[in-house]
S.K.: 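My structure is below; once you've seen it, I'll send some questions.
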Amino acid sequence: MKSIRNIAFSALLTFGAFGAITYTSCNKDECKDVVCQNGGTCNEGTCSCTTGYTGTNCENAYASELPGTYSGTETCQPPVVSDDWSSTLTVSSNDKTRIIIANFGNSGANVTGQVDKNAIILDETTIGGNTVKGTGTVAGNVITVNYTMSGVVSYSCTMVLTRQ
């Protein structure tokens, strides 16, 4: 009688161990039902977004918060005459992570750049024979851009754009 119990107990223990090992060794696909947008990739059930995008499924472009009309001021070294002006910021229709700043520095020219989180990286642009490049930050309704202009004239400026 004891041997039948021992055999039954051993069999039950063996099936239990086999079942536990089989259950824990299964690979669960945590990304099975996750759809990452805009080039994002899924890792362990969470989307990792490409530059310029955010959201649970990478559905939002950081730049989408920025379009509008801004009043601008700037301080340059060496000092240059600068009046207050207005610029319009739009998002590129081709790439929602890219912005276009019209009337950059009251020059009448457009400058483009890319937005990621609260950082802006301007594309190198030629305005009136001068090369402009710089970076900026976004804090609420204020965009601050530090840029340099070199070529015919050379100076470095801090431009502050405040949403109107």
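In this chain, residues are counted from 1 in sequence order. All heavy atoms count here, side chains included; hydrogens, waters and symmetry mates do not.
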S.K.: Rounded to the nearest 0.5 Å, what separates atom NZ in Lys28 from atom CD in Glu30?
M.R.: 8.0 Å
S.K.: Determine whether the interatomic SG-SG distance for Cys49 and Cys36 falls below 2.5 angstrom.
M.R.: no
S.K.: Could you state the interatomic distance from OG1 (Thr148) to CD (Gln77), rounded to the nearest 0.5 Å?
M.R.: 14.0 Å
S.K.: Let me confirm one number: the CD1-OG1 distance from Ile120 to Thr137, rounded to the nearest 0.5 Å.
M.R.: 7.5 Å
S.K.: Using only atom types and a distance under 3.5 Å, with no angle test, would you say the side chain of Asn141 pairs donor to acceptor with the backbone of Arg163?
M.R.: no
S.K.: Is it the case that the side chain of Asn130 and the backbone of Met149 share a donor-acceptor pair, with hydrogens and angles ignored and the cut-off at 3.5 Å?
M.R.: no
S.K.: Same cluster or not: Val160 versus Trp85, using hydrophobic residues (I, L, V, M, F, W, Y) connected whenever any side-chain heavy atoms lie under 4.5 Å apart?
M.R.: no
S.K.: Can you tell if the side chain of Thr69 reaches within under 4.5 Å of the side chain of Ser86, non-hydrogen atoms only?
M.R.: yes
S.K.: Under the side chain to side chain contact (heavy atoms under 4.5 Å, CB included) rule, what do Tyr147 and Met159 come out as? Steps first, then yes or no, please.
M.R.: CA-CA 8 Å; Tyr147 71 94; Met159 177 173 42; 4.1 Å; yes
S.K.: For residues Val34 and Gly45, report the shortest heavy-atom separation together with the two atoms involved.
M.R.: CG2-O, 3.7 Å
S.K.: Given side chains that start at C-beta, do those of Thr41 and Ser48 come closer than 4.5 Å, heavy atoms only?
M.R.: yes
S.K.: Same cluster or not: Leu66 versus Tyr53, using hydrophobic residues (I, L, V, M, F, W, Y) connected whenever any side-chain heavy atoms lie under 4.5 Å apart?
M.R.: no
S.K.: Looking at Asp29 and Cys31, would you say the former's side chain and the latter's main chain have a donor-acceptor pair under 3.5 Å?
M.R.: yes
S.K.: Where is the tightest heavy-atom contact between Val115 and Tyr62, given as atom of each residue plus distance?
M.R.: CG1-CB, 3.8 Å
S.K.: Given the rule that I, L, V, M, F, W and Y join up when any side-chain heavy atoms are under 4.5 Å apart, are Tyr155 and Phe104 in one cluster?
M.R.: yes
S.K.: Look at the side-chain heavy atoms of Ile, Leu, Val, Met, Phe, Trp and Tyr, link any pair under 4.5 Å apart, and say whether Val145 and Ile121 land in one connected group.
M.R.: no
S.K.: Could you check whether the SG atoms of Cys76 and Cys157 sit less than 2.5 Å apart, since that is the cutoff I want to apply?
M.R.: yes
S.K.: When rounded to the nearest 0.5 angstrom, what is the spacing between NZ in Lys133 and OG1 in Thr126?
M.R.: 11.0 Å
S.K.: Working to the nearest 0.5 angstrom, can you tell me the gap between Cys42 SG and Lys32 NZ?
M.R.: 13.0 Å
S.K.: Working to the nearest 0.5 angstrom, can you tell me the gap between Asn38 CG and Asp95 CG?
M.R.: 9.5 Å
S.K.: Between Ser87 and Ala102 (side chain of the first, backbone of the second, donor and acceptor by atom type, cut-off under 3.5 Å), is there such a pair?
M.R.: yes
S.K.: If I compare all heavy atoms of Asn57 with all of Cys47, which pair ends up nearest, and what's the gap?
M.R.: CA-SG, 3.9 Å
S.K.: Would you find a donor on one side and an acceptor on the other, under 3.5 Å apart, between the side chain of Asn103 and the backbone of Gly108?
M.R.: yes
S.K.: Is Val91 reachable from Ile101 through a run of I, L, V, M, F, W or Y residues, each pair having side-chain heavy atoms under 4.5 Å apart?
M.R.: no
S.K.: Between Asn146 (side chain only) and Thr135 (backbone N and O only), is there a donor and an acceptor less than 3.5 Å apart?
M.R.: no
S.K.: So does Gly52 get a backbone contact from the side chain of Asp116, meaning a donor-acceptor N/O pair under 3.5 Å?
M.R.: yes
S.K.: Are the side chain of Glu65 and the backbone N or O of Ala63 linked by a donor-acceptor pair below 3.5 Å?
M.R.: no
S.K.: Establish, from distance only, whether the side-chain atoms of Gln114 and Thr97 form a donor-acceptor pair under 3.5 Å.
M.R.: yes
S.K.: Could you tell me which non-hydrogen atom of Gly40 sits nearest to which non-hydrogen atom of Cys58, and how far apart they are?
M.R.: CA-SG, 4.0 Å
S.K.: Decide side chain to side chain donor-acceptor pair (under 3.5 Å) for Asp123 and Thr125; before the verdict, give the C-alpha distance in whole Å, the side-chain angles of both, and the deciding distance to 0.1 Å.
M.R.: CA-CA 6 Å; Asp123 298 332; Thr125 306; over 6 Å; no
S.K.: Thr158 versus Thr144: any side-chain heavy-atom pair under 4.5 Å?
M.R.: yes
